[in-house]
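Heads up: the structure comes next, in structure tokens.
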Amino acid sequence: MNEHVNETCAHITYCPYKAESAPRFISALTKKTYAMVLAGGRGSRLQQMTDWRAKPAVPFGGKLRIIDFPLSNCINSGIRRIGVATQYMAHSLIHHIQRGWSFLDDQCNEFIDVLPAQQRVKEGWYQGTANAVFQNLDILRNCAPEYVLILGGDHVYKMDYSRMLADHVAKAADITVACIEVPRAEGREFGIMGVDEKGRVTDFHEKPEHPAAMPGRPDSALASMGIYVFGARFLYEQLIRDHDDPDSGHDFGRDLIPYLVPRHRVFAHHFADSCVNMVGDVPYWRDVGTVDSYWEANMDLVQVSPELNLYDDTWPIWTHQEQLPPAKFIFNNDGRRGHAMDSLVSSGCIVSGATIERSLLFLKVRVGDYSLIQDSVILSNVQIGRHVTLKRVVVDKHCKIPDGFSAGLDPERDKQRFHVTERGITLITPEMLGQIVHQVR
């Protein structure tokens, strides 16, 4: 370890955030780090849920948005200089960040900058993940960080980035790539890495047709999480070099990382070493990129012991908190009893003489008399009429479900009006119901 690394590590503060978990590092490392969250993607596999919002702005877990997870991880890790690069359908995302993340104090050099594509370098939108960072080089340089943390804005997980930073410095790495073990059959969706016994990355292939297996684990592959730590000056040099390469697609996974692996010190950081939400021996991480996976991850939260712990006061997930009254359940007559079982019901909801089973109701949902909601995800500001039956559905914000309506009972009939997934989950949006919505989603 060189003299600079020794000096930096000497400033690490060792303070466990849980008695039973690994230590947390809040130090000069995190204070000298700028986090860039790449949040410009649509997420087209979520179908009509992203017609009016970017994937990072998709609601999750009753009152959160997907982007709240990487942003909360930054805050909890001690990283409080953050840029969020936006592009596709960014209004609801910007609206959420402005209202929910304004608590940082600029006088203490804490901030979240929203960075839409501004054609700062030349005309054109962001043309890849590396290009999105390159187009904001002047902003990065103005902040003068020593380290830059690159994050995606569209996964659900809890991670202490300070441990990854400490790992990066201890190994004197040029770049550190967070990685997670995935089934080999799913490796086509990821950047697949090979590493040596010291954790140095020896090869990297973005979304290979035939993913390489991990040594001794023929059914598993080591996948990049799209989370990178760079030394700032090294990152600037490589982004400029990549920008000047006419053959590059200007993407971290497809271009930059494969170029760097044989030429520089690229190391892997195993997510299990910094995960704050372990499920047994497995770190919790979800790509809620399809309607099926989105429904499944939300439905897990209503289990007796959900895999994702949202009740952990030591690692809270921050978000915009509307001032709303508690959920209300009314009427207690036979056949007309307002109640919920094995469900999450958020603030501002009113369940009027209806039954909610194994479902998740977001903010300000209204459910009318004699209705039955089972195994469903109902987003905010949905109005459900009387005598309605919904089973295994996802209902987008601002839908108005009329009296006597039913969905999720007959997939073939549902396909005539709505989107039905391979697993039989029915997605309902206002447009599918012939309704016009003027509110921000």
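For the numbers below, each heavy atom of this structure counts, side chains included, while hydrogens, waters and symmetry mates do not. None of the values given here were measured: they were computed from a predicted structure. Numbering of residues begins at 1 and proceeds along the displayed sequence.
Side-chain contact between Leu390 and Leu372 is absent, with no heavy atoms from C-beta onward closer than 4.5 Å. Annotation: side chain of Gln383 is not in contact with side chain of Ile401 (no heavy-atom distance under 4.5 Å). Taking 4.5 Å as the limit, some side-chain heavy atom of Val114 sits within range of a side-chain heavy atom of Thr86. For the pair Leu427 and Met49, the minimum side-chain heavy-atom distance is below 4.5 Å. Looking only at side-chain heavy atoms (C-beta outward), Lys158 and Tyr284 stay at 4.5 Å or farther from each other. Here the side chains of Lys32 and Pro145 are not in contact, with every heavy-atom distance at 4.5 Å or above. Contact check for Val58 versus Tyr294: side-chain heavy atoms found under the 4.5 Å cut-off. In this structure the side chain of Val229 never reaches within 4.5 angstrom of the side chain of Phe267, judged on heavy atoms.
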Exercise answer: donor-acceptor pairs, residues 356-365 side-chain atoms, under 3.5 Å, sequence neighbours excluded:
{"from": "Glu357", "atom 1": "OE1", "to": "Gln374", "atom 2": "NE2", "distance (Å)": "2.6"}
{"from": "Arg358", "atom 1": "NE", "to": "Asp375", "atom 2": "OD1", "distance (Å)": "2.8"}
{"from": "Arg358", "atom 1": "NH2", "to": "Asp375", "atom 2": "OD2", "distance (Å)": "3.1"}
{"from": "Ser359", "atom 1": "OG", "to": "Glu357", "atom 2": "O", "distance (Å)": "2.9"}
{"from": "Ser359", "atom 1": "OG", "to": "Asp375", "atom 2": "N", "distance (Å)": "3.1"}
{"from": "Ser359", "atom 1": "OG", "to": "Ser376", "atom 2": "N", "distance (Å)": "3.0"}

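A cation-pi arrangement is present between Arg392 and Trp295 under the rule of less than 6.0 angstrom and at most 45 degrees off the ring axis. Judged by a 6.0 Å distance limit and a 45° cone about the ring axis, Arg386 is not positioned over the six-membered ring of Tyr370.
Taking the charged nitrogens against the carboxylate oxygens, Arg337 and Asp334 do have a contact shorter than 4.0 Å, which makes a salt bridge. A salt bridge links Arg53 with Asp396: the distance from a Lys NZ or Arg NE/NH1/NH2 to an Asp or Glu carboxylate oxygen falls below 4.0 Å. Electrostatic pairing of Arg42 and Asp51 counts as a salt bridge here, judged by a charged N lying under 4.0 Å from a carboxylate O. Under 4.0 Å is where a charged nitrogen must lie from a carboxylate oxygen, and between Glu209 and Arg188 at least one such pair does. A salt bridge does not link Asp167 to Arg163: none of the charged side-chain nitrogens sits closer than 4.0 Å to a carboxylate oxygen. Using a cutoff of 4.0 Å between basic side-chain nitrogens and carboxylate oxygens, Arg45 and Asp287 are scored as salt-bridged. Checked for salt-bridge contact, Lys63 and Glu322 miss the test: no charged N lies under 4.0 Å from a carboxylate O.
Tyr228 and Phe252 have tilted rings, their planes meeting at an angle from 30° to 60° on a 0 to 90° scale. Using a 30° and 60° split on the angle between ring planes, Tyr157 and Phe271 fall in the perpendicular class, above 60°.
At least one donor-acceptor pair closer than 3.5 Å links the side chain of Arg81 to the backbone N or O of Lys31. Of the possible donor and acceptor atoms, none in the side chain of Asp369 sits under 3.5 Å from a partner among the backbone N and O of Arg336.
Using modelled atom types and a 3.5 Å distance limit, the side chains of Thr421 and Asp292 yield a donor-acceptor pair. Side-chain N/O atoms of Thr314 and Asp312 include a donor and acceptor closer than 3.5 Å. Remark: the Thr30 side chain and the Thr33 side chain contain no N/O donor-acceptor pair separated by less than 3.5 Å. A donor and an acceptor atom, one from each side chain of Thr429 and Gln48, are nowhere located under 3.5 Å apart. No hydrogens or angles considered: a donor-acceptor pair under 3.5 Å links the side chains of Asp68 and Trp101.
The six-membered or imidazole ring of Tyr147 lies away from that of Tyr34, with a centre-to-centre distance of 6.0 Å or more.
Taking SG from Cys74 and CG from Leu149, the interatomic distance works out to 6.0 Å, rounded to the nearest 0.5 Å. To the nearest 0.5 Å, atoms OG1 (Thr176) and CZ (Phe230) are separated by 9.5 Å.
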Q: Show the numbers, then the answer: is there a side chain to side chain donor-acceptor pair (under 3.5 Å) between His269 and Ser274?
A: CA-CA 9 Å; His269 173 83; Ser274 53; 2.9 Å; yes
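The minimum heavy-atom distance between Pro208 and Gly187, with the atom names listed, is CD-O, 3.9 Å.
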